[in-house]
**Student:** 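First the structure, which I've put down as structure tokens, then a few questions once you've had a look.
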Amino acid sequence: MAYLSLNGYDAQYAPLAQLDRVAGFEPVGREFESLRVRHFIQTGDDTMSVRVRFAPSPTGHLHIGGARTALYNYCFAKSVGGKFILRIEDTDLERSRSEYEKAQIQDLHWLGLEYDEGPDRPGEYGPYRQSERLEIYKEYAQKLVDAGLAYYDFCTEQELQVMKEQAEKQGKPPHYNGKWRNPEFNQEAMARLAAGEKAAIRLRAPQKAYVLQDHVRGRVVFPENMVGDFIILRSSGLPVYNFCCVIDDLLMKITHVIRGEDHLSNTVRQLMVYEALGSKPPEFAHVSLLINKDRQKLSKRDGATSLVQYTNDGFLPGAIINYLTLLGWSHPEEKDIFDLKDLIANFDLNRFSKAAAIYDIAKFKWVNGQHIQMQQSSLTLKNISSLFSVDHPFLKLTDEQKEKICALFKTQVQFYQDFVALIENFIFQTELNETEKMQEVLSWPSTAQIAQFLSTQSFDGHLPESALGQWTEYLKKDLGIKGKQLFMGLRVCLTGKDQGPELVDLIPLTPASVLKQRLANIQKRLA
RNA sequence: GCUCCCAUCGUCUAGCCCGGUCUAGGACACCGCCUUUUCACGGCGAUAACAGGGGUUCGAAUCCCCUUGGGAGUACCA
């Protein structure tokens, strides 16, 4: 027996004969007599390397909850040198659309979560779109029928409805108990099938308890009689989620299923399918859900839930990864800010919190700001340049000047867009700020003196850093202006504002023509 | 209804598995102070939580049970 140690968790890869003692698959209670476990699919070689998957339905844009699940899967795979697979679950023909598949793939790329195998990255275990695997599901469903582990069901929707209502009235669980589960009717079923009648296929649900050893939930016991015979193949021939998911995970040799907690109850059905197929289930990690301020599962109504909305709002991929990770997982060093590389190096399935998390936009913004601050100014410049109109004077500055400007505003910014506003405001805007403090400074006689003095100076191109020093020197020595009067006066005359970055940093970066215009505006005001 | 899951500052969380080091730590937000002759950044500080009740124990945030609250599932959706 081989043990694969994953971040301290000992996953047991036991021979199939010991199936019922393997972690994650531990049937208890009485066996269902007539059903014999059969080996249709062989998995579980001892050297199996980690393979995980992200399996979205292309029914909309990538949701932040989905992005988070994809992220956790990706991190886990990369942290143990495994493979990350993208599988498209498009068996719901009504709602699935190929443009959503494209959009979600694009979002994944944008986040930097590159998958090793997927619809557009063929691998050994394709195809990776469920709609292209329909024959496979039919084949396995048929095998289960042949083995007596599943059966055809000809009940109509109305019949099922009546059955359910009756069960409810009697206070029994609303499980299927129609005649078709009785092997006696097999012949009739075959005859009707041969006559071309359509039927769904149901799995005989073993009536016994199941135990799941989950990486985040711990030991979860599903009691006996929790679910009844459920459909695995619809009468239309399309498989149902709990069936195709298992077939695919098995055939794609998925070793770990990391997904939302909303799938926890489904797991018992999937365990039944694994058992019917005589296969060892993968390991599971059911991660807590993201919820809204009302503590409800996130829905479209909650505003910004799709990733594109965040990208449009100016959130950086790195910041999204960072923040999303923090919602339900914690860094072993209790760090709040980290990048994908750091995350992969420290990823650990044991560090998930079990409770659902509300996302807080304020912290999200702060994380974004931190990621901008960590950037080299040259990179920041590259990222903000496209936000200016093509003929904006900012773009005409030298690279050195532009980078210095970026560095100047870096600490007060949360989004790239903020740079644009700040630069416009402090570097190019010539109108005066109208505040009470401005009025006060303008009312000082010293301010008029400063303005008078400055108007005698020549302004050209960009002022050297020394200019400001010379001016203050002169104003102090010769005119006797000092302290607040001096600095606020200079600030108001040169920037047209009562607050802003350090003058020594700001003035050399401001075009002299702008300074001149502001000064003229001040003089006009004082006159 | 039934089944399962969850419960630490307003929010995200550390601690829980392996009880003492927890008068419960960090981060965001909020407030105050310092610094900066401005604003911001930065630094320091304040407010703020173990849902409730029982047990077990010398000792419980930590283990057990109950209650309450919240969530998910209960489909020929995924």
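FYI, side chains are in, hydrogens and waters are out, and symmetry mates aren't considered; it's all heavy atoms of this structure. Sequence lines set the chain letters: A, B, ... in the order given, protein chains first and strands last, and positions in each chain run from 1.
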**Student:** Kindly say if Lys437(A) contacts the phosphate of C39(B), meaning a side-chain N or O under 4.0 Å from OP1 or OP2.
**Tutor:**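 Lys437(A) to C39(B) OP1/OP2: no side-chain N or O under 4.0 Å.
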**Student:** For C6(B), does OP1 or OP2 lie under 4.0 Å from any side-chain N or O of Lys354(A)?
**Tutor:**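 Checking Lys354(A) against C6(B): at least one side-chain N or O falls below 4.0 Å of OP1 or OP2.
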**Student:** OP1 or OP2 of A14(B) sitting under 4.0 Å from any side-chain N/O of Ser330(A)?
**Tutor:**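 Yes, Ser330(A) has a side-chain N/O under 4.0 Å of OP1/OP2 on A14(B).
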**Student:** In whole angstrom, give the distance that lies between atom CH2 of Trp366(A) and atom P of C12(B).
**Tutor:**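 That distance rounds to 16 Å.
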**Student:** If I take atom CG in residue Leu290(A) and atom P in nucleotide G71(B), what distance separates them, rounded to the nearest angstrom?
**Tutor:**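 In whole Å, G71(B) P and Leu290(A) CG are 15 Å from each other.
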**Student:** Indicate, with a heavy-atom threshold strictly under 4.0 Å, whether Pro56(A) touches base, sugar-phosphate, or nothing.
**Tutor:**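 If one applies the 4.0 Å heavy-atom cut-off, Pro56(A) turns out to touch nothing in the nucleic acid.
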**Student:** Given C12(B), A78(B), U37(B), identify the nucleotide with an atom nearest to the side chain of Arg95(A).
**Tutor:**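 Among the listed nucleotides, the one closest to the side chain of Arg95(A) is A78(B).
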**Student:** Does C12(B) have OP1 or OP2 sitting under 4.0 Å from an N or O in the side chain of Ser353(A)?
**Tutor:**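 Indeed not, no polar side-chain atom of Ser353(A) lies that close.
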**Student:** Check the distance between A75(B)'s C1' and Glu94(A)'s CD and give it to me in whole angstrom.
**Tutor:**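 Atom-to-atom, Glu94(A) to A75(B), this comes out as 14 Å.
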**Student:** Could you identify the nucleotide paired to A29(B), looking across every strand shown and requiring Watson-Crick or G-U wobble geometry with both distances under 3.5 Å?
**Tutor:**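 Because no pair has both required distances under 3.5 Å, A29(B) counts as unpaired.
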**Student:** Taking any heavy-atom pair under 4.0 Å as a contact, classify Glu334(A): base, sugar-phosphate, or nothing.
**Tutor:**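 If one applies the 4.0 Å heavy-atom cut-off, Glu334(A) turns out to touch a base.
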**Student:** If you pin Ala199(A) and Lys363(A) to their nearest nucleotides in RNA chain B, which one's is more 5'?
**Tutor:**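 Of the two residues, Lys363(A) wins.
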**Student:** Across all strands, who's sitting opposite G69(B) as a Watson-Crick or G-U wobble pair, both distances under 3.5 Å?
**Tutor:**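 Checking every strand shown, G69(B) finds its partner in C6(B), with both distances under 3.5 Å.
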**Student:** Can you check whether Arg351(A) has a side-chain N or O nearer than 4.0 Å to OP1 or OP2 of G15(B)?
**Tutor:**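 Looking at the OP1 and OP2 atoms of G15(B), one of them is under 4.0 Å from a side-chain N or O of Arg351(A).
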**Student:** Which part of the nucleic acid, if any, lies within contact of Lys164(A), taking any heavy atom under 4.0 Å across all strands shown: a base, the sugar-phosphate backbone alone, or nothing?
**Tutor:**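 Sugar-phosphate only.
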